[in-house]
Enquirer: 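First, the structure itself, so that you have it in front of you.
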Amino acid sequence: MNAARKLTYRDALREAMREAMQRDGRVFVMGEDVGRYGGTYAVTKGLLEEFGAERVRDTPLSELAFVGTGIGAALGGMRPIVEVMTVNFSLLALDQIVNNAATIRHMSGGQFSIPLVIRMTTGAGRQLAAQHSHSLEGWYAHVPGIKVLAPATVEDARGMLWPALEDPDPVLIFEHAQLFGVTAEVSEGAVVDIRHAKVAREGANVTLITYGGMLPKALQAAQELVADGIEAEVIDLRVLRPLDSESFLASVRKTRRAVVIDEGWRSGSLSAEISARIMEQAFFDLDAPVARVCSEEVPIPYPKHLEDAALPQVDKIVAAARALFGAAAQ
Amino acid sequence: MSRGIASYGREFCLRLVRNMLRIRRMEERCAQLYGEGKIRGFLHLYIGEEAVATGVMANLRAEDAVVATYREHGHALLRGISMNAIMAEMFGKREGCSRGRGGSMHLFDAATRFYGGNAIVGGGLPIALGLALAHRLQSIRPVTACVFGEGAIAEGVFHESMNLAALWQLPVLFCCENNLYAMGTALARSESQTDLAKKASSYNMTSASVDGMDVLAVYETAKSASAYVRETGKPYFLELQTYRFRAHSMFDPELYRDKAEVEEWKKRGPIHNFTQQLKRAGLMSEEDFLAIDHEVLAEVEASVAFAEAGQWEPVEDLTRDVYTEAT
């Protein structure tokens with residue numbers, strides 16, 4: 001049996017990178033302040049000292065150029081890990097991600113693949129206002145040719161990087177800013193896959209479908225629903241593209257009710273896609289319409305009370321789930 | 001030219017003529033095929049600029065990498081992709097160099113390290129940096145040639161890439177084909193500084209400008225530039241001053257430039273001028289030229305027949321190659 005250790009989400013990400021760099025000489029890290037500064041969120045702290053400046057590369061504030069350089073380096077036989085400070089900044093590199101990373105395999109008739117990993121922070125909750133707080137992973141999940149991961153647990157923070165690096169296609173990893181300090185026990189050498197969603201909590205009455213930073217809130221809501229006699233099943237999507245529909249459809253067929261919790265804005269969101277798939281493939285298994293708890297349609301505001309009001313919260317999830325049971329459960 | 005034309009030798013010079021003609025005749029045929037509806041989408045012809053690709057590509061080795069733009073038929077051909085595979089790609093056939101998935105703007109070939117055909121202006125520059133970085137990290141010494149037009153200079157990615165290449169001292173040969181018009185926008189209407197070499201020097205990058213209508217001048221300058229990149233591992237910015245004789249694409253009515261200007265540049269036509277030089281020097285006769293042209297035209301017709309005979313990819317395979325494994 002593998003020994004278990006307590007780790008923070010941040011340490012798990014760092015250990016994963018260190019291990020990858022030890023295992024494979026083709027792996028290197030680049031991004032803004034990943035070296036001397038130690039990473040904006042201290043994820044890369046210590047890597048420069050251990051692996052040197054050729055493999056831990058501080059870049060200028062040139063997201064478009066260094067993300068594209070990652071694509072080229074992957075084409076050239078390396079296994080780059082590119083860190084982008086936040087998803088909002090990744091918009092400066094959107095052209096390279098969408099027009100090159102996602103297309104070159106297809107446009108070249110399968111001759112070239114791009115084994116690139118791009119890590120970035122996503123999500124709100126730290127009063128950083130409207131240019132550092134958005135959850136745009138749903139946009140990326142729209143694009144064929146890239147894979148999108150959202151580690152919500154310390155185990156996934158530790159385990160997703162290696163299979164992402166082994167994947168021949170470009171993989172984006174979204175790390176929620178609120179999760180960096182989360183601590184949990186992780187088994188040594190635990191192997192995780194990057195294909196399937198996971199049942200984070202079993203339950204029979206309603207399915208809460210979520211990912212990333214919203215997983216702890218969904219689990220909390222499930223806990224509170226017990227008092228109403230509602231046993232919620234919680235699905236951690238883990239992989240946002242390609243979506244593992246079978247996992248959440250199987251759960252919904254069992255519970256007959258679904259609430260989708262997504263920190264992205266409601267309109268045109270990932271939650272809309274999940275809701276549509278349930279409608280298309282499990283409509284006759286439903287006892288109630290699919291419900292959604294998403295961010296309000298507003299750029300995330302600075303003051304705490306307004307930021308809180310803009311985001312999905314436990315009470316909103318609980319209310320949305322209860323409403324699916326009609327007056328009897330209220 | 002400081003060096004006499006005779007010193008290059010007849011064989012070398014005739015090869016340059018042949019290479020320029022292969023681009024010219026292939027593209028003239030492409031324009032025709034476009035009219036017939038055999039080639040669709042956007043078709044950007046390189047006619048008038050052949051000396052640039054011919055002079056630059058002659059200096060690259062098999063281990064080198066090439067990143068190009070959507071006006072890349074000539075570079076792809078001279079890099080060694082067969083005319084058959086290029087023509088089949090233009091037709092959208094499975095036998096094309098990108099399996100028909102790319103078309104004119106997205107020619108790719110792993111065997112010759114030809115990394116596309118990129119239809120986003122400036123989109124290939126960071127890719128070239130990455131290839132060069134990969135070479136550096138693997139301790140190997142190829143040159144990465146990155147071809148782009150002067151229109152790319154207005155893009156932010158140009159400045160980011162020039163800075164990063166110079167900062168990290170990456171072995172990239174930047175080949176800026178300055179044909180004076182970014183689609184319909186003249187350089188002076190889009191750039192506050194039209195001396196492109198000055199842009200390179202602002203990034204502490206070595207540079208040169210050359211008459212891109214003179215194939216030997218291009219060859220010599222690209223020779224020094226590629227040798228510099230190969231030996232020092234540092235980047236180099238090469239401006240190739242040229243002119244496209246045809247419209248930007250097949251949809252362009254050319255309202256933005258004078259017909260007289262086009263005619264003036266045509267007098268500097270790279271094939272015509274070089275063949276005249278060769279004839280004057282006694283290195284080539286009219287018969288030699290006609291013989292080459294005859295062979296080239298046969299190659300073109302064979303490529304059209306090859307493309308015609310090619311297969312359409314079955315619709316069942318529509319989503320192949322989106323991911324390495326089917327998902």
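The chains referred to below are lettered A, B, ... by the order of the sequence lines, with proteins before strands, and numbering in each begins at 1.
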Enquirer: Determine whether A:V67 and B:P126 make a side-chain contact, defined as any pair of heavy atoms from C-beta on separated by less than 4.5 Å.
Expert: no

Enquirer: If I measure from the heavy atoms of chain B, does A:L64 come under 4.5 Å with its side chain, its backbone, both, or neither?
Expert: both

Enquirer: Counting only non-hydrogen atoms closer than 4.5 Å, does B:L167 touch chain A with its backbone (N, CA, C, O), its side chain (CB onward), both, or neither?
Expert: side chain

Enquirer: If you define the side chain from C-beta out and look only at heavy atoms, does anything of A:Q111 sit under 4.5 Å from B:D109?
Expert: yes

Enquirer: To the closest 0.5 Å, what do you measure between NZ (A:K147) and OH (B:Y323)?
Expert: 7.0 Å

Enquirer: In terms of heavy-atom proximity below 4.5 Å to chain A, should B:R94 be classed as side chain, backbone, both, or neither?
Expert: neither

Enquirer: Considering only heavy atoms, which portion of A:L92 lies under 4.5 Å from any heavy atom of chain B: side chain, backbone, both, or neither?
Expert: neither

Enquirer: Any side-chain heavy-atom pair from B:W168 and A:M30 closer than 4.5 angstrom?
Expert: yes

Enquirer: Using 0.5 Å steps for rounding, measure from the CG atom of A:D95 to the CD1 atom of B:I120.
Expert: 5.5 Å

Enquirer: Which distance, rounded to the nearest 0.5 Å, do you find between the CE of A:M107 and the CG of B:L107?
Expert: 10.5 Å

Enquirer: Taking C-beta and beyond as the side chain, do A:P144 and B:V322 meet within less than 4.5 Å on heavy atoms?
Expert: yes

Enquirer: If you count heavy-atom pairs under 4.5 Å between each of B:L170, B:T319, B:T144, B:V157 and chain A, which one has the most?
Expert: B:V157

Enquirer: Is chain A contacted by the side chain of B:F158, its backbone, both, or neither, given a heavy-atom distance below 4.5 Å?
Expert: neither

Enquirer: Would you find more than 12 non-hydrogen atoms of other residues, nucleotides or ligands less than 6.0 Å from B:F42 atom CZ?
Expert: no

Enquirer: Ignoring hydrogens and angles, tell me if any N or O in the side chain of A:Q96 forms a donor-acceptor pair with the backbone of B:G124 under 3.5 Å.
Expert: no

Enquirer: Under a 4.5 Å heavy-atom cutoff, which of A:I71, A:I114, A:I146 has the most pairs with chain B?
Expert: A:I146

Enquirer: Please report the shortest heavy-atom distance between B:F114 and A:F112, naming the atom on each side.
Expert: O-CE1, 3.7 Å

Enquirer: Does A:M279 have more than 12 heavy atoms from other residues, nucleotides or ligands lying within 6.0 Å of its CE?
Expert: yes

Enquirer: Please classify the contact between B:N163 and chain A as side chain, backbone, both or neither, with a heavy-atom cut-off of under 4.5 Å.
Expert: side chain

Enquirer: To the nearest 0.5 Å, how far apart are CZ in B:R99 and NE2 in A:H106?
Expert: 10.5 Å

Enquirer: Considering residues, nucleotides and ligands other than B:K199, do more than 12 of their heavy atoms fall under 6.0 Å from its NZ?
Expert: yes

Enquirer: With rounding to the nearest 0.5 angstrom, report the CG to CD distance, A:L61 to B:E160.
Expert: 9.0 Å

Enquirer: Considering only heavy atoms, which portion of A:V82 lies under 4.5 Å from any heavy atom of chain B: side chain, backbone, both, or neither?
Expert: neither

Enquirer: Heavy-atom pairs under 4.5 Å with chain B: which of A:M78, A:E54, A:R57 has the most?
Expert: A:R57

Enquirer: Relative to chain A, which segment of B:L133 carries a heavy atom at a distance below 4.5 Å: side chain, backbone, both, or neither?
Expert: side chain

Enquirer: Taking the side chain from A:D169 and the backbone from B:T324, do they hold a donor-acceptor pair closer than 3.5 Å?
Expert: yes

Enquirer: Do A:N100 side-chain atoms and B:G123 backbone N/O form a donor-acceptor pair below 3.5 Å?
Expert: yes

Enquirer: Counting distance only, does the side-chain N/O of B:Q138 pair as donor-acceptor with the main-chain N or O of A:G76 below 3.5 Å?
Expert: yes

Enquirer: For A:Q131, does the CD atom sit with more than 12 other heavy atoms under 6.0 Å from it, leaving out its own atoms?
Expert: no

Enquirer: Pick one of side chain, backbone, both or neither for A:T59, based on which atoms fall under 4.5 Å of a heavy atom in chain B.
Expert: both

Enquirer: Identify which part of A:R79 has an atom lying under 4.5 Å from any heavy atom of chain B, answering side chain, backbone, both or neither.
Expert: neither

Enquirer: Side chain, backbone, both or neither: which part of A:S108 has a heavy atom under 4.5 Å from chain B?
Expert: both

Enquirer: Nearest 0.5 Å, what's the CZ-CG distance between A:R26 and B:L137?
Expert: 13.0 Å

Enquirer: What part of A:D58 gets closer than 4.5 Å to chain B, counting heavy atoms only: side chain, backbone, both or neither?
Expert: backbone

